[in-house]
Amino acid sequence: MSSEGSCNPLKKIPLGVRAMDAIAGTSHLDGLNTAQREAVQTIEGPVLMLAGAGTGKTSALTSRIAHIINEGAAKPGNILAVTFTNKAAREMKDRVARHGNADGAAMPWLGTFHNICNKLLRRHAELVDLKTNFTILDRDDQLRVMDQLAAASEIDRKKWPVRQLGAIIDSWKNRAWTHENVPQSQKLAYNSKGIELYRQYEDRLVELNAVDFGNLILHMISIFRKHDDILEKYRRRFQYILVDEYQDTNVAQYLWLRLLADGHKNICCVGDDDQSIYGWRGAEVENILRFEKDYPNAKVVRLEQNYRSGPHILSTASCLIAKNKRRLGKELWTDLGEGEKVRLACHFNSDEEARWIGEEIESLQHGTRGQRRYSPGEIAILVRNTSQMRAFEERFITTGIPYIVVGGPRFYERMEIRDAIAYFRIAISPLDDLAFDRIVNKPKRGLGNVAQRKIHDAASGNGVCLVDAAEILMEQNGIRGAGARELRLLLDQLAIWNRLARDPKTSHTDLAMKMLDESGYSAMWQKTRTPDAPGRLENLKELINVLGEFENLQGFMEHVGLIMDNDSVDDVEKVTLITLHSAKGLEYPVVFLPGWEEGLFPSKLAMDEKGELGEEEERRLAYVGITRAMELCTLSFAQNRWMYGSSSDTIPSRFIDELPDEHIEIATDSGYGGNGSGRPEPFPDSLEERAARADVYKSPGWRRLQQNRNVRKPQLPVMEAEICDYSIGERVFHMKFGYGRIVEIDGDKVVVDFDKAGLKRVVANYVFPPDAAPL
DNA sequence: CACCCATCACATATT
DNA sequence: GTGATGGGTG
């Protein structure tokens, strides 16, 4: 481990700076430090705010917006603020609204790149041969289109997966290359068919009246370039431009910004090169490094005072990131008190790691570690990839720790939600072939591969959409038997729904329910007896609820493609399980960072792809992770990890070696990884030795857990009377594992033989009689 | 044509 | 372990 003395943040303690700052000044400047204030008050001309983690950049940004308005420099409607995620946009909206006076009806243009471009493109759709009600395709839809095209080109999709084509086209779009100007260097891409398929794909999107994420930006760039008057109009409209997370912008977004800002150059970019973790998505750190060249008279402000993390946490993060070569360089400091050291834990395997963290969480909740008590909502587990989450989920389910998952399958990506949305889409536009494809045989209508192929052939033969093709086929008796009757019914229903969708008197939520009902889609899930079916029905209900928040189906559809965030990020009741990527911008009093092993973190894939650059990006990811912690930060690794259903030996992450000794404390007990150095013992050969080392049952944490468990109240609202009111052989339902039969009762736990999941020991509070299962 | 079962590749992160 | 796919059967 390194022990360079260069990362001590305590040496620079400013006395009373904040107090001085607070003197005088208008309300929106209160509480800002000198640097923040400078960034806020320099309204005219280009400004680059280099804002380290936890240095209050959101405050600075929102104050800046307030300042521009209060100074009368511009009206809210003439300010454009671009963020990277919907979550960030929402937060800024809230804070701007709070700054503003009570009448705050007028808001700045505030949203993600895609959001803003969506709004603009709806107004000018005809300039790129689209209608104003174009649909936004998600990844799944895109791949489906590409798959059809690749199939038509007789490409062996076993050898050339469509995912790959998707990734290639995406990366081209990130660089703002249209199919006309993809450079020759790329001509071998995707078996030399990449560029041609890109062209076909774009043509197909126009036919479908659809765009993908990249197109939202690209179309606006080409409109700005071709139509001076339109560009001029928006340059006048957006007098002041603010960009959050500038280090995450790709070339296309960069060009878009420059087009808008080059007139007045009133652009303020906020970013942190050390938190650039989206290189794989086309983000160019170069954008931020180049800012001063792009705008020679730019004012550069550094925000370096950290208000979030304790000094040991901050030092550890600083030390780690100092290993990166390509960075602008910042020195974060804090005047927060002593605080806890960063803890490092070593475990036998990944299950052990999950168990240990579970125990720690229970201790933290009860304050048995000597600190204050922490509520579950104050605790987060940050993982490198989503597959790490399962071990924690299973652990938390059996021990009854409430948790939420962020960054798993998103609401709008769930199968049932996408199916339902396809029904909405086809109702709005019968031309939506993708939607028709999706729903034509869901629920089963006896229209299988053969029938669907006939419809497709009829469509391309007649040059019409699938719905029309199906009509033609029906007239010609091209489909027979039960399938024909069902198809007739479906087509009639579609016609009716389409009429209702246009009728302003029909409530769109009623129509949505009607569609799910009449189509038999809801019934399909009601009939399904798999453990996930109730949850899916619940999701459909939730979808209808969300629908109610919009004016009409059309309005909902316009937003749905862009709202991919999980909403319930700040659930105070639950431990958060989240990926490092989606944790950026968040903070938690207690943070666990499991899985610091070579190959997993840093990820082998990232390193293979980008070499040293990849390593540096992974290190930035580690930096982001550590700096999410306010009070307590715990890193851990396992010497044995389950993946692909089998376990393999692992070695600790190189990042562990880079941690500064003086800020680290070893958290695992002697006998396992606790040789004082924090480095793991050499892996023992004999099985007995391995078993001995894994004996965490003797650990204080485990004993505490045993004691605590008896006094703990159930943490989720469940039927109290039901506790252990079961008998052997009784049939029960479990939210996660589905149906099963009780084989053993053991205190507050039961062993259940689940139909799907097999034998599991679960807390009795979490199983129900089959008919009492909460939906 | 639907259903069931075996087989296979497979997972870095996301607007 | 999971989800997608393909072949065989009813």
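From a predicted model like this one, the values you see are computed outputs, not experimental measurements. Lettering follows sequence order; numbering is per chain, from 1.
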*asked:* For A/Val450 and A/Ala606, find the nucleotide of DNA chain B closest to each by heavy atoms; which residue's nucleotide sits nearer the 5' end?
replied: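 Residue closer to the 5' terminus by nearest nucleotide: A/Val450.
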
*A/Gln452 or A/Tyr278: which one's nearest nucleotide on DNA chain B is closer to the 5' end?*
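Mapping each residue to its closest nucleotide by heavy atoms, the 5'-most match is A/Gln452.
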
*Evaluate whether the aromatic ring of A/Trp280 and the six-membered ring of the B/dA13 base sit under 5.5 Å apart, centre to centre, with an inclination under 30°.*
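The ring of A/Trp280 is stacked on B/dA13.
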
Given atom [atom1] of [X] and atom [atom2] of [N], what is their separation to the nearest angstrom?
| X | N | atom1 | atom2 | value |
| --- | --- | --- | --- | --- |
| A/Asn215 | B/dT15 | CG | C1' | 13 Å |
| A/His581 | B/dT15 | NE2 | P | 11 Å |
| A/Leu586 | B/dT14 | CG | P | 12 Å |
| A/Met389 | C/dT2 | CE | P | 16 Å |
| A/Gln142 | B/dT14 | CD | P | 16 Å |
| A/Asp140 | B/dT15 | CG | P | 15 Å |
| A/Ile136 | B/dT14 | CD1 | C1' | 15 Å |
| A/Glu245 | B/dT14 | CD | P | 14 Å |

Base, sugar-phosphate or nothing for [X]? Non-hydrogen atoms, less than 4.0 Å.
| X | answer |
| --- | --- |
| A/Phe601 | nothing |
| A/Ala482 | nothing |
| A/Glu609 | base |

*Selection: residues 250-260 of chain A, any non-hydrogen atom under 4.0 Å of DNA chain B*: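 Heavy-atom contacts with DNA chain B come from no residue of residues 250-260 of chain A; none.
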
*Would you tell me if any nitrogen or oxygen in the side chain of A/Ser582 comes within less than 4.0 Å of OP1 or OP2 on B/dT14?*
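Looking at the OP1 and OP2 atoms of B/dT14, one of them is under 4.0 Å from a side-chain N or O of A/Ser582.
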
Any residue meeting ring pair (Phe, Tyr, Trp, His ring centres under 6.0 Å) with [X], in chain and number order, not counting sequence neighbours:
| X | answer |
| --- | --- |
| A/Phe655 | A/Phe601 |
| A/Phe84 | A/Tyr278 |
| A/His456 | none |
| A/Phe134 | none |

*Is it the case that A/Tyr254 and A/Arg258 place a side-chain donor and acceptor less than 3.5 Å from each other?*
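There is such a pair between these side chains.
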
*No-hydrogen, no-angle side-chain donor-acceptor test under 3.5 Å, A/Asn86 and A/Arg90*: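 Per modelled atom types, A/Asn86 and A/Arg90 side chains form no pair under 3.5 Å.
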
Restricting both atoms to N or O, compile the protein contacts to nucleotides 2-11 of chain B shorter than 3.5 Å, with distance only.
from: B/dA2; atom 1: OP1; to: A/Gly446; atom 2: N; distance (Å): 3.0

*asked:* Test of understanding: with side-chain contact (heavy atoms from CB on, under 4.5 Å), list the residues that count as partners of A/Asp141, not counting sequence neighbours.
replied: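 A/Leu137, A/Asp138, A/Arg418, A/Arg425, A/Leu434.
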
*List for me each residue that meets side chain to side chain donor-acceptor pair (under 3.5 Å) alongside A/Glu353, sequence neighbours excluded, and say none if there are none.*
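If we apply the side chain to side chain donor-acceptor pair (under 3.5 Å) test to A/Glu353, skipping adjacent residues, the hits are A/Ser636, A/Arg641.
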
*For A/Trp596, enumerate each residue passing the side chain to side chain donor-acceptor pair (under 3.5 Å) test, keeping only those at least two apart in sequence or located in another chain.*
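A/Trp596 satisfies side chain to side chain donor-acceptor pair (under 3.5 Å) with no residue once adjacent residues are dropped.
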
*Walk me through it: do A/Lys454 and A/Leu447 pass the test side chain to side chain contact (heavy atoms under 4.5 Å, CB included)?*
CA-CA 10 Å; A/Lys454 278 187 194 162; A/Leu447 299 163; over 6 Å; no

